[in-house]
Amino acid sequence: MDLQQLTLYTSNTLTNFSIYCILALGISLVFGLTGLINFAHGELMAVGAFVTYAVAASGGVNYLLALVLAVVVVGGLSVALERSVFRPTLKRPINGFLVSLGLILILQNALLQIWGGTPKLLEPAVSGSFSVAGVRISGQAVLTVVVAAACMVTLLWMLERTRFGLTLRAAAVDRETASHMGVNVKRTVVVVFLISGGLAGVAGVLIAGLYPISPIMGSNYVLKAFAVAILGGLGSVRGAIVASFLVAVSETIVIAAGYVSWSVATSFAIMALVLLVRPTGIFAGAEAKA
Amino acid sequence: MSAPTTGLLAAVTGTTRTRWVVAAAFVVFVAVLPLLMGDNRAILAFLILIAIYATAAQSIVLLYGSAGIMSVGQGALVGVAGYVTAIVSTRTELSFGLVVLLALLVSLGVSGLLALTSIRTGGHYFVIVTFAFGEIAVAVGNNLDHWTGGNGGLPFVKPLRLLGIEFGTVDLVEGYYMCAVVLLFAMALVTVLRAGCFGNRLVSLRENQKLAASLGIDVRATKVVVFMAAGVFTALAGVLWTYQTHFLSPDQFSPASLGITLVLAALIGGARSAYGPVIGAAIALLGPQLFGLSPYVNEMLLGLVFVLVILLMPEGVAGGVEGLASRLRRRRGDTDDGPGATAEVSPVQQDPARTTTTSATRAGEEVTTR
């Protein structure tokens, strides 16, 4: 394997890591607080990707506009869904999961109705690549990793260093007790859905910059993100970051070994194995919730 | 702790007169339906599909309706049985009966393996494990293309030989009756399983696993057994699928496709009654056709119906009708239906209380483990 190939694998691993992580964080945050398994998270991501298609199909500076717009649109959509359909299921999270199955149908087919089923490839925001020490690196990949890293750092800072983070973690441990202590639980849930939706929007924009997008792309990504979130222990932010790195690396290894068509199953196989050995994921228990 | 007691009572469905009358009426309805439809092949094809989906969705009635276990991997199990049927009957000369037996054994075995993971992972995690199981099954199907035809699919045109009679591969009326008989058998089986001692054990799992274990119920063994029992329905549906649709492709059985549709069918109709999946499958498959809108809008409407059913009628259409009927009976002061029918409604009313208890217990566990 020459240096160029190694760089390609590394950059693919890092971009996949970024996307899985951003998605898994959104899933993990919502689960940590409400116990809701939201399978429609992938469709929220697809909405973000199509926002990008609508405003930045030809790439360029519009991509940054798409980033902002996707956060606003998908974050808003996520809050709207929380207030309309998820809030009544707060007492029975399994019903929330079932509702999310219905939402998959609604959102996915709305996208199909508007944009049709043909996959669409967008122009990258940063065209071309640049060379470092004789190795070519794609500019779009660098942008993806930078945006994702910014999201992760901001989220960690917010959860661990701000007052809101404190109330969120308190509510995640025990909603009722936290509300007796003066935490506005309803507002906290709304904000978490806003953050989760915003992250899904960002993930959609990042994917649209790298791969062809289609309205049915959600389920594939959301499953990987769930595998990651479970591996890391649902509700654990640091766990999600480590687990998405593990999954991205193992997928690259499977692809590099020549089993391209099996790469889809890799993350699920890892997840199933980990769950059998340690049912709460790698980090749950060792980490404070959310 | 009155909630689990009411739940246990709810499992005693009782074979009262009304239930027998409804069952007989349903059998007659199923038997004469093709006569009413005349020679409309499109409608017959739909009825066949409804019967196949409803048969498979009986597994959700057993797993979720009785034992409270949600699985989106049942679609993949239909696929496993379907592929076993197709591959064995094209490549060997085994008789139809043996092929069905083999499909049944494989489906039961795979179901049992899936159940073993549910022993370690509870509730929320398990739903996702079933999703992952389904996706792995699809990946296996796509990769073993020498056997399965890969994602190009596997056509199947072999006629069905049963008791020396050869059934045509094109006659939809024969196909309909074959599916209808299997569906009725599946409905009877699920009703018997739910009503008996086994059904009570399942309900005790749903209501409170710790309490069930303390009463001497082997929670692990029961989970494995209920999954294998559910595997019977997916196996039957898989055999029907192969012989009736004449085509298999791994993606059809993925959790995001058939897996979710089976859950939709069972829950729209009602997962606590054998009739539920039939009503649900009919709504899910026929409903969208009635409006004549674009297929995408149809699917959106189906999603909307599902969301509304979950939020407003958690017991599904069948549960809603049953609840209404028993409320009417009570108003008239008619007690002929015994306590079984009224108890069927009470879990709905008990639900909020029950979930608070379980979530409180769960929070308690977390505190102690930390």
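Note that this is a predicted model, so its numbers are computed, not measured. Quick note on labels: first sequence line is chain A, next is B, and so on, each numbered from 1.
- Both the backbone and the side chain of Val297(B) come within contact range of chain A, judged by heavy atoms closer than 4.5 Å.
- To the nearest 0.5 Å, atoms CD (Glu299(B)) and CD1 (Ile106(A)) are separated by 11.0 Å.
- Contact of the Leu264(B) side chain with the Leu105(A) side chain is registered, since non-hydrogen atoms from C-beta on lie closer than 4.5 Å.
- Nearest heavy-atom pair across Leu311(B) and Val85(A) is CD2-O, 3.6 Å.
- Among Val129(B), Val72(B), Asn143(B), the residue with the largest count of heavy-atom pairs under 4.5 Å with chain A is Asn143(B).
- Using a 4.5 Å cut-off between heavy atoms, Phe97(A) touches chain B through its side chain atoms alone.
- The environment of Lys120(A) atom NZ is dense: over 12 non-hydrogen atoms of other residues, nucleotides or ligands sit within 6.0 angstrom.
- Ranked by heavy-atom pairs shorter than 4.5 Å toward chain A, the options Leu308(B), Val138(B), Val140(B) are led by Val140(B).
- Atom CG of Leu98(A) sits about 5.5 Å away from atom CG of Leu267(B), to the nearest 0.5 Å.
- For chain B, the option among Leu223(A), Leu101(A), Leu103(A), Asn95(A) with the highest count of heavy-atom pairs below 4.5 Å is Leu223(A).
- Your options are Ala110(A), Ser100(A), Pro88(A), and the one with the most heavy-atom pairs under 4.5 Å with chain B is Ala110(A).
- With a 4.5 Å cut-off on side-chain heavy atoms, Phe39(A) and Ile260(B) do not count as touching.
- Tyr296(B) touches chain A through backbone and side chain together, each having a heavy atom under 4.5 Å away.
- Atom OH of Tyr221(A) sits in a crowded spot, with more than 12 heavy atoms from other residues, nucleotides or ligands closer than 6.0 Å.
- For Ile216(A), no part lies near chain B; criterion is any non-hydrogen pair under 4.5 Å.
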